[in-house]
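In what follows, a single structure is set out as structure tokens and then discussed.
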Amino acid sequence: MDFLRGHLELTGTHVGCEHGVCGACTILLDGEPVRSCLMFAVQAADAEITTVEALGTPDRLHPVQEAFREHHGLQCGFCTPGFLMTTLAFLREHPSPTAEEIRVALAGHLCRCTGYQGIVEAVADAAQRLKAGTPTPALRARGGARE
Amino acid sequence: MSESTTRWIGRPIRRREDPRFLRGQAHYLDDIILPEMTHMAVVRSPVAHALIKKIDLSAARRHSGVLAVVAADDLLGTVRPAPPNPVEGAEITAVPHPVLASGAVRYVGEPVAVVLADTLPAAQDAVEHVAVEYESLPAVTDPRLALRAAVRLHTSLPDNVFSRWRRSQGDVDGAFARAARVVRQEFRIPRLVAAPIETRGAIAAYDPGADLLTMWVSAQDPHRPLSQLSRMLGRPDDRIRVIVPDVGGGFGSKGSVAVDVAVAAWLAIHTRRPVKWVETRRENLATSYQGRGLDVEMELALDAAGTMLAVRARIIADLGAYLYPPTAMVPVTTSMLLTGAYAIPNASVEMLGVATNKVPTGPYRGAGRPEAAYLVERMVDLAARDLNMDSVALRRRNLIAPDRFPYRTPLGFTYDSGNYGRVLDRVCALLEYDRWRREQAEARRDGRLLGIGTAIYVERAGSALWESAAVNVTPAGRVVVRMGSTPNGQGHATTFSQIAAEVLQVDLEAITVEQGDSAIVPRGVGTFGSRSTTIGGSALLRAAERVKAKVVRIAAHLLEARPDDIVWSDGRLSVRGAPDRALTLPEIGAAAYQPGRLPEDLGMGLDAMEIFRLPGPVFPFGAYGAVVEIDPVTGEVRMLRLVAVDDAGRIVNPLLAEGQVIGGSVQGLGEALFEEAVYGEDGQFLTSTFAEYGIPRAVQVPPVASEFLETLSPLNPLGAKGIGEAGCIATPAAVANAVMDALAPLGIRHLNFPFTPRRVWEAILQARRIRKT
């Protein structure tokens with residue numbers, strides 16, 4: 001996390017607790033959500049890392065991002081990148097989740113603003129959007145290199 | 001403005017600010033990196049109460065990468081503590097929070113020294129090398145024990161009492177003497193932590209040539225930090241610029257600057273290097289001022305038919321070791337709201353703000369109002385139980401009638417407008433109150449613990465009764481709005497754009513909202529107490545209307561018509577009856593900056609700055625309902641339903657207002673079910689990580705149903721009242737009533753927050769034991 005934020009200047013990934021509870025620092029490591037505050041940069045050797053900066057294109061939000069906006073799934077926005085990364089991985093494995101499954105999937109993230117309702121609705125809607133085949137901008141792997 | 005004509009106000013516009021947050025392009029404090037930046041870490045007291053015998057900074061100063069190590073003596077006479085704000089009607093002994101501890105420490109986490117280093121790890125390592133010799137003193141954490149002065153915290157406080165507030169009106173004793181029923185209850189409302197996901201922090205940079213101190217502060221506005229730092233550092237207020245970047249939540253806790261921020265500023269001035277300070281989560285939980293923390297004895301007198309005659313209360317507020325500027329205010333707000341939504345003619349309240357060996361308290365979302373709503377609404381439910389009446393019927397019987405506004409309460413507030421019966425009726429319908437009561441009767445026959453709770457709240461919003469806004473139309477016809485208040489997630493850029501767009505008939509994309517930089521925005525107040533839309537929005541409305549009037553005059557001049565004949569619709573200004581002769585806002589914007597094209601008596605430019613002064617606070621209100629079921633085996637409280645009906649006057653953006661209500665409700669649910677800042681008897685802080693301090697998670701909370709009714713406030717042109725804290729205010733009360741209703745068949749009359757499984761399970765166990773014997 002220090003490496004991502006400090007060396008790569010990818011500051012979209014945030015530090016909320018540095019003890020692995022709040023989930024704000026979640027990134028994808030070879031597609032799996034991990035808490036970047038609990039790992040060393042060297043542990044990511046040869047792995048592909050995806051951070052929030054990889055989502056969408058300059059002129060278009062990713063469907064998951066669009067759904068978060070549509071459902072007011074963010075307020076202060078600090079926890080949001082972590083939620084987005086977990087949502088991406090979750091929907092890949094659970095394309096048609098129930099509200100209850102979504103709440104369980106997001107249990108590793110703390111949000112102090114939204115009360116989660118907008119987020120849960122956004123994830124359900126994102127599932128629909130992804131299934132409806134909204135052209136999904138390809139994830140651009142940033143695997144350590146600065147673009 | 002009439003309802004039917006609004007084009008932007010009242011619409012659930014999606015937030016303009018979202019894309020950059022969603023793309024990871026926001027700039028929170030810790031994302032800001034300045035050249036040559038240094039890092040500050042804080043040495044904090046590991047004990048709750050001790051004399052400082054000796055501080056040895058030498059080893060830390062020798063540590064690699066360290067630039068400076070500073071203790072209280074180094075700051076003597078150059079950085080002064082921020083004095084507590086006066087509170088109307090309260091006697092306060094001003095014991096401000098020291099900048100750094102001098103002579104003694106009085107709570108765990110109190111700043112004792114700071115280390116500045118080239119890197120954060122170097123600063124954190126060097127903190128371990130600051131040697132402080134403490135001589136332990138006994139600590140007091142229970143405010144009731146503190147009142148007996150077994151341990152004294154300050155020589156200026158012989159009885160450990162920082163503040164006193166007392167108010168009595170009517171014949172309270174007489175009312176209690178003739179009452180058919182008196183309900184008494186003691187309550188303890190635990191301390192909470194605001195716990196925004198972004199912790200507090202600041203960056204200080206000093207430009208010696210300009211003698212300008214620039215501060216980036218994760219705060220709720222630039223102006224309060226600016227004036228506090230100006231006082232603390234003895235710097236003129238025009239030689240400090242405060243920039244509030246994107247803020248990852250505040251909830252009251254970022255309204256007053258931490259002492260650490262003043263030290264960072266001092267270090268930047270003295271070392272001529274930018275200084276960054278970002279606290280850890282542990283520091284945030286332990287040393288950010290906490291909320292709530294009251295011990296209350298309350299009595300309610302009623303006649304035989306259930307008419308409320310009088311309330312009497314004694315509040316002991318656990319204020320902690322010192323007074324931050326807003327500390328003393330919060331329990332006075334609670335005190336003044338103890339007649340709630342009810343026409344209770346007689347009331348007497350005494351409040352004592354007491355010193356304990358804990359971090360000071362301060363405003364946390366709701367700031368005094370959740371406490372009041374909980375106390376009043378619990379008393380009503382207890383009265384209903386004692387009188388064997390339905391609690392909703394008892395409420396309805398005692399509400400202040402809609403024709404009695406403005407209504408002056410016996411405790412000193414004047415409620416501006418209200419229709420309390422309407423929100424109560426609506427919440428019962430939304431909750432399906434009668435159906436749940438029938439279901440409850442059945443559940444009870446089966447031995448299930450199902451509980452239904454309702455609560456009404458009235459809250460004071462719009463504190464510090466003024467706010468500023470400036471509107472500028474650029475030569476290109478862009479509208480720039482500059483606001484005195486600052487968002488920490490509320491969506492100001494969208495809400496304020498809607499208000500400006502309404503008046504100036506432009507699309508939202510034509511508007512830029514600038515906020516949070518004292519060098520750009522007009523002097524203002526800030527974001528707290530659910531005030532930004534009501535006061536800032538009204539200032540903006542007025543400023544935009546002034547710009548609009550000037551736009552019309554310029555159009556009239558250019559079109560050679562009278563201003564009265566100018567019609568402004570669909571973004572075009574034309575002459576009545578001659579729609580072809582028309583100008584657009586960009587054309588008028590361009591003309592406004594060309595002297596030859598303006599009427600001679602009209603000044604150049606298209607600018608207006610307005611300060612709106614609210615004549616008095618506004619009083620949002622609402623009614624909430626909760627249904628819970630308690631597992632008798634584990635004590636777990638399961639939320640089956642949570643509904644909110646709020647009346648905050650005019651709602652500018654219902655989507656964002658609903659977001660405030662739902663988010664606030666879940667924070668309120670945290671207070672009711674999970675959260676408590678816990679100290680050991682020795683004053684050690686025991687809930688210093690998110691593993692111990694449990695804020696609600698998605699799996700633990702139900703969907704919240706939210707609805708709005710609109711009783712306009714007569715006190716501002718928008719008719720708005722403020723919605724930022726509503727959910728946090730009413731939810732704990734409604735949930736408490738539901739939980740106690742569920743436990744009623746077991747004979748359990750009262751439990752304090754939070755209703756953790758363990759607390760509820762123990763109560764059930766004890767109740768059953770009593771029943772058996």
Side-chain angles (χ1 to χ4, degrees), chain A residues 2 5-6 9-24 51-56 58 61-62 64-66 68-84 99-100 102-121, chain B residues 12 14-15 17-28 30-33 120 194-199 246-251 278 280-282 284 487-491 655-656 658-667 669-670 689-691 695-701 703-704 706 727:
Chain A
D2 289 337
R5 292 180 49 83
E9 294 180 25
L10 293 173
T11 55
T13 302
H14 300 141
V15 186
C17 69
E18 253 186 306
H19 48 250
V21 181
C22 80
T51 68
V52 68
E53 285 90 348
L55 296 186
L61 293 175
H62 184 278
V64 174
Q65 292 171 314
E66 276 174 1
F68 268 68
R69 183 172 189 221
E70 180 62 26
H71 294 273
H72 195 25
L74 64 152
Q75 290 183 23
C76 81
F78 196 81
C79 68
T80 309
F83 274 95
L84 293 175
E100 197 48 42
I102 295 171
R103 287 184 183 270
V104 171
L106 300 177
H109 291 264
L110 297 179
C111 168
R112 195 57 157 164
C113 294
T114 64
Y116 303 103
Q117 196 154 320
I119 298 175
V120 173
E121 288 166 8
Chain B
R14 269 51 187 170
R15 296 205 316 176
E17 47 274 78
D18 280 352
R20 66 194 176 86
F21 287 116
L22 288 163
R23 291 177 190 279
Q25 291 170 333
H27 298 289
Y28 299 94
D30 198 28
D31 303 338
I32 299 169
I33 294 162
L120 184 58
I197 307 300
E198 182 203 31
T199 59
D246 288 317
V247 175
F251 314 113
V278 177
T280 63
R281 175 56 55 191
R282 203 175 274 275
N284 178 267
N488 1 104
Q490 296 87 343
L655 178 73
L656 305 197
E658 187 192 84
Q660 289 297 310
V661 167
I662 295 171
S665 293
V666 169
Q667 277 190 5
L669 203 60
T689 73
F690 271 149
I695 75 174
R697 294 164 179 280
V699 274
Q700 295 168 315
V701 305
V704 183
S706 158

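What you see is a predicted model, and the numbers here were worked out from it, not measured in a lab. For the numbers below, each heavy atom of this structure counts, side chains included, while hydrogens, waters and symmetry mates do not. Sequence lines set the chain letters: A, B, ... in the order given, protein chains first and strands last, and positions in each chain run from 1.
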(request) Indicate yes or no: at least one non-hydrogen side-chain atom of B:Ile695 is less than 4.5 angstrom from one of A:Val21. (result) no
(message) Is there a side-chain contact between B:Phe251 and A:Cys113 in this structure, where contact means two heavy atoms from C-beta onward sitting under 4.5 Å apart?
(response)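 Side chain of B:Phe251 against side chain of A:Cys113, heavy atoms only: contact under 4.5 Å found.
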Give, as side chain, backbone, both or neither, the part of [X] having an atom under 4.5 angstrom from any heavy atom of chain B.
| X | result |
| --- | --- |
| A:Leu74 | both |
| A:Glu70 | both |
| A:Tyr116 | side chain |
| A:Thr80 | side chain |
| A:Ala24 | side chain |

Nearest atoms (heavy-atom pairs only) where [X] meets [Y]:
| X | Y | answer |
| --- | --- | --- |
| A:Gly12 | A:Pro81 | O-CG, 3.1 Å |
| A:Arg103 | A:Val120 | CG-CG2, 3.7 Å |
| B:Arg282 | B:Thr689 | NH2-CG2, 3.5 Å |
| A:Gln65 | A:Leu55 | NE2-CB, 3.5 Å |
| A:Arg5 | B:Asp31 | NH2-OD1, 2.7 Å |
| B:Pro19 | A:Arg69 | CD-NE, 3.9 Å |

Side chain, backbone, both or neither: which part of [X] has an atom under 4.5 Å from a heavy atom of chain A?
| X | value |
| --- | --- |
| B:Leu669 | neither |
| B:Val701 | both |
| B:Thr280 | neither |
| B:Val704 | both |
| B:Gln660 | both |
| B:Asp246 | neither |

(message) Return the NE2 to CG distance between A:His109 and A:Leu84, rounded to the nearest 0.5 Å.
(response) 9.5 Å
(request) Would you mind checking if A:Glu18 and B:Arg281 are paired as a salt bridge, meaning a charged N to carboxylate O distance below 4.0 Å? (result) no
Looking at chain A, which one of [options] has the largest number of heavy-atom pairs inside 4.5 Å, strictly under?
| options | answer |
| --- | --- |
| B:His27, B:Gln700, B:Arg697, B:Gln490 | B:Arg697 |
| B:Gly24, B:Pro196, B:Ser665, B:Pro12 | B:Gly24 |
| B:Leu655, B:Val661, B:Asn488 | B:Leu655 |
| B:Arg15, B:Glu198, B:Gln667 | B:Arg15 |

(request) Measure the acute angle between the ring planes of A:His19 and B:Phe690, then classify it against the limits of 30° and 60° as parallel, tilted or perpendicular. (result) perpendicular
(request) Would you mind telling me which of A:His71, A:Arg112, A:His72 has the largest number of heavy-atom pairs within less than 4.5 Å of chain B? (result) A:Arg112
(message) If you count heavy-atom pairs within less than 4.5 Å of chain B, which of A:Leu110, A:Val64, A:Val104 leads?
(response)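 Of the options given, most contacts go to A:Leu110.
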